[in-house]
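Keep in mind that the numbers below use all heavy atoms, side chains included, and drop hydrogens, waters and symmetry copies.
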Amino acid sequence: MIPDEVVEEVRSRADIVGVIGAFVPLKKAGKDYKGLSPFKPERTPSFYVVPAKGFFHDFSSGESGDVFSFLMKHQGMSFTDAVKFVGARSGVEVREVRKGRGGDDPWRTYYEASSYASAFFQERLWEGRGGSGAREYLEKRGIDRSCGEQFGLGYAPKEWEAFREAASVHGIEEGILTELGLLKKSRNRDKSYDAFRGRIIFPIESVSGRVLAFGGRILGQPRKGAPKYINSPDHPIFRKGEVLYGLGRAKNDIRREGCALLVEGFMDVVSLAAVDIRNAVAPLGTALTETQAELLERYTTQACLLFDSDPAGLRATFRAADLLLSRGVHPTVVTLPDGEDPDSVARSGGADAIRGYMRRAVDVLDRKIGILEEREYFSSIEKTRRALDRLLPTLRAPRDTKLRDLYLARVSERTGVRPETLAAELKRPEETRISVRKPSVPAERLTPRIHGRGPERTLLLLLVRNRKWVDRASERISPSDLEDGINRAIFEMLIADPELTVPPEGTETAAVRRFERLMADPEETAPSSQIFEDTISRIQAARIDRRLGVIDREIGNTEEEAEKSKLAMEKEKLIKEKRDLGVDWRHSAWHHSARQALRGQGERAP
């Protein structure tokens, strides 16, 4: 037998048009494909394949079904052979497992333990006396029992060992429960204790509906140091970067609506379903991953992002949007009022309020441009140049070349930079800048040009120790202002993910090593606002000096008086700009004060 989750993965990944098209000549008909019936002779095409919904229908013979059904009916394959055939074409390894205790699924005991835990938590929520507070909380959030049961919501009792003792009665091994993150080892005694206590439980399921892991939300206000949400750790049957919460229940609605709603958390998904909006899914407490974007791509080419509108939410929105664009999914962005999220809007205004905001959703590039306009990024040439640095990742992201051309035209119109110039910039990312997702810089550009604790090194050390300053720094300087290639790579990574602790896969080794040294730097830091400002000014002044050097060379190489006059005017303007920065290059006071602050003698960051 083939495990259900493998069958579902093969079905979801299958290119039904490609599989059926190998046996039946198909022609595109709008969003669908049509051809002559393979089951009954005919002259007029009545056989249709609907890729958005993953099925075929033959009006001539009445046959219909999914990709497996076609192979079974047309080629006479068994179900197992059909799954293997499609799996081989879809890049999914399909292995059978024998029935019986000796040859069952090797992860059977893990799935059984997760299923038992889910049933235990549900019983404690809906039937146990201890779950009354959780039931009242859900009712206040607009989630009734019917909706809660659809998502398998549960409640973990406050007792330290309630779940462990119940599981032991059923003979479930503590070692497996510990691996699943349901139990934790105590430092002070031999016994394990329940990892989820006093929390509403959200089972995390595979696309096929098998319970893989859990998320837990604390009731009421968390005590100091206690997180509001906790999730299961990665374990043998669960990788949080490979699962989207709610996708198993939402997949058919996503196909039917032609769009997925991407929200931030468990409660957003459940609250939207409670008002009959059922095509919402959520990452699991982290930024959207490439694997999660690929999951969405299997069901839709459109996504609507309903993240919070605070700075952290906007960063998550733009990171997710660029990933989706790279997978061929076109994202739009919903802007909710300050302090609101999908859950609160659904509770106060119902489905109509949510749909009203969705109708006003804008393309992600337009949303970025709008934010830059609000912050007056187009008020000068220098600020426009920085704005381009922020727009380039989205210009580079689309897999759809037509959409990329539209983006180029839109940015050209707003900035005055010719589309050809922008297109040329996109064609040479390795030569001039580092990709946000996979920084890649030629080795010769990674040679450090600034030694010791220069301003670039100091800035990065300030930022890794105080992540709230990343946005503040990115508004003042762009990665291209940093001369050293490794520092530039690290700054781009921090802008893309201010909470970054491990560089993304594909980062150059030299950048990884320097980032690790920054994270492990033994000097205690208490960075002051003055040191931050001085550091930024030094970097800006260094950029001006580099440009002044170029201008001097250009003046010496040109004989045209008009060109010399133009360069001289630019030079005069840059000298004034540098003077306004207030940086005194003749003394070492900056270096001394920076070292003092990094040793803990400065004021605390606001």
Side-chain angles (χ1 to χ4, degrees), residues 118 121-122 124-126 131-156 195-205 211-222 226-232 240 243-250 253-254 260-288 292 303-310 312-313 316-317 320 334-355 357-358:
S118 181
F121 294 136
Q122 288 183 63
R124 290 304 180 100
L125 173 62
W126 303 116
S132 59
R135 293 194 295 271
E136 291 174 5
Y137 173 82
L138 290 173
E139 288 172 7
K140 290 178 181 177
R141 303 292 291 260
I143 300 167
D144 59 18
R145 180 162 182 168
S146 174
C147 180
E149 287 181 339
Q150 288 176 30
F151 284 88
L153 301 190
Y155 174 68
F196 295 92
R197 302 182 311 282
R199 293 176 181 270
I200 292 174
I201 300 298
F202 299 82
I204 300 166
E205 299 176 349
V211 178
L212 304 176
F214 301 90
R217 189 202 189 283
I218 201 164
L219 280 178
Q221 291 299 317
K228 181 184 293 186
Y229 283 94
I230 59 173
N231 292 335
S232 298
K240 59 177 172 289
V243 181
L244 284 168
Y245 179 71
L247 183 58
R249 287 177 172 77
D253 291 278
I254 290 172
L261 306 185
L262 193 62
V263 295
E264 288 196 34
F266 304 116
M267 193 60 77
D268 292 328
V269 173
V270 178
S271 293
L272 290 174
V275 296
D276 207 30
I277 295 178
R278 302 182 180 278
N279 56 331
V281 296
L284 299 175
T286 62
L288 189 76
Q292 290 168 333
C304 189
L305 308 185
L306 288 84
F307 291 175
D308 292 350
S309 296
D310 58 13
T317 295
V334 171
T335 301
L336 298 176
D338 290 343
E340 297 279 10
D341 56 28
D343 170 37
S344 63
V345 173
R347 280 186 285 126
S348 61
D352 289 342
I354 292 290
R355 293 193 176 102
Y357 286 113
M358 288 174 60

Just say parallel, tilted or perpendicular for the rings of F202 and F266, cut-offs at 30° and 60°. parallel

Taking the side chain as C-beta and beyond, is there a heavy-atom pair between L288 and L244 under 4.5 Å? yes

Please step through side chain to side chain contact (heavy atoms under 4.5 Å, CB included) for the pair F307 and L262, ending with a clear verdict. CA-CA 8 Å; F307 291 175; L262 193 62; 3.9 Å; yes

Apply side chain to side chain contact (heavy atoms under 4.5 Å, CB included) to the pair Y357 and L306, showing each step before the final yes or no. CA-CA 9 Å; Y357 286 113; L306 288 84; over 6 Å; no

Output for pair (Y245 OH, M267 CE), nearest 0.5 Å, gives 8.5 Å

Quick check: do V281 and L261 have side-chain heavy atoms less than 4.5 Å from each other? no

How close do A274 and G142 get, counting heavy atoms only, and between which atoms? CB-O, 3.6 Å

Of all the heavy-atom pairs spanning A134 and I200, show the shortest one and how long it is. CB-CG1, 4.0 Å

Do D341 and S344 meet the criterion of a side-chain donor-acceptor pair at a distance under 3.5 Å? yes

Any chance you could measure L305, atom CG, to M358, atom CE, to the nearest 0.5 Å? 10.5 Å

Would you say E264's side chain and G313's backbone share a donor-acceptor pair under 3.5 angstrom? no

If every non-hydrogen atom of A273 is compared with every non-hydrogen atom of F151, which pair is closest and at what distance? CB-CE1, 3.5 Å

I need the I218 CD1 to R197 CZ distance, nearest 0.5 Å. 9.0 Å

What closest approach, in Å, do S271 and I143 show between heavy atoms, and which atom pair accounts for it? OG-CD1, 4.2 Å

Side-chain donor-acceptor pair under 3.5 Å between S118 and Q122, yes or no? yes

Taking all non-hydrogen atoms of both residues, which atom of I201 and which atom of F214 are closest, and how far apart? CG2-CD2, 3.5 Å

How many angstroms lie between atom CG of L138 and atom CZ of R217, to the nearest 0.5 angstrom? 10.0 Å

Could you report the tightest heavy-atom contact between V211 and P203, atom names first, then the distance? CG1-CB, 4.4 Å

Run the side chain to side chain contact (heavy atoms under 4.5 Å, CB included) test on R355 and I277 for me, step by step, so that the C-alpha distance in whole Å, both residues' side-chain angles and the decisive distance to 0.1 Å come before the verdict. CA-CA 9 Å; R355 293 193 176 102; I277 295 178; 3.8 Å; yes

Spacing of CZ belonging to F196 relative to CG belonging to N231, to within rounding of 0.5 Å: 7.0 Å

Do side-chain atoms of E205 reach the backbone of G246 as a donor and acceptor pair under 3.5 angstrom? no

Between atom SG of C147 and atom CG of L272, what is the distance when rounded to the nearest 0.5 Å? 10.0 Å

Sole candidate of R278, R249, R145 that passes side-chain hydrogen bond (donor to acceptor under 3.5 Å, both in side chains) when paired with Q150: R278

Mark yes or no for whether D268, through its side chain, and D343, through its backbone, hold a donor-acceptor pair below 3.5 Å. yes

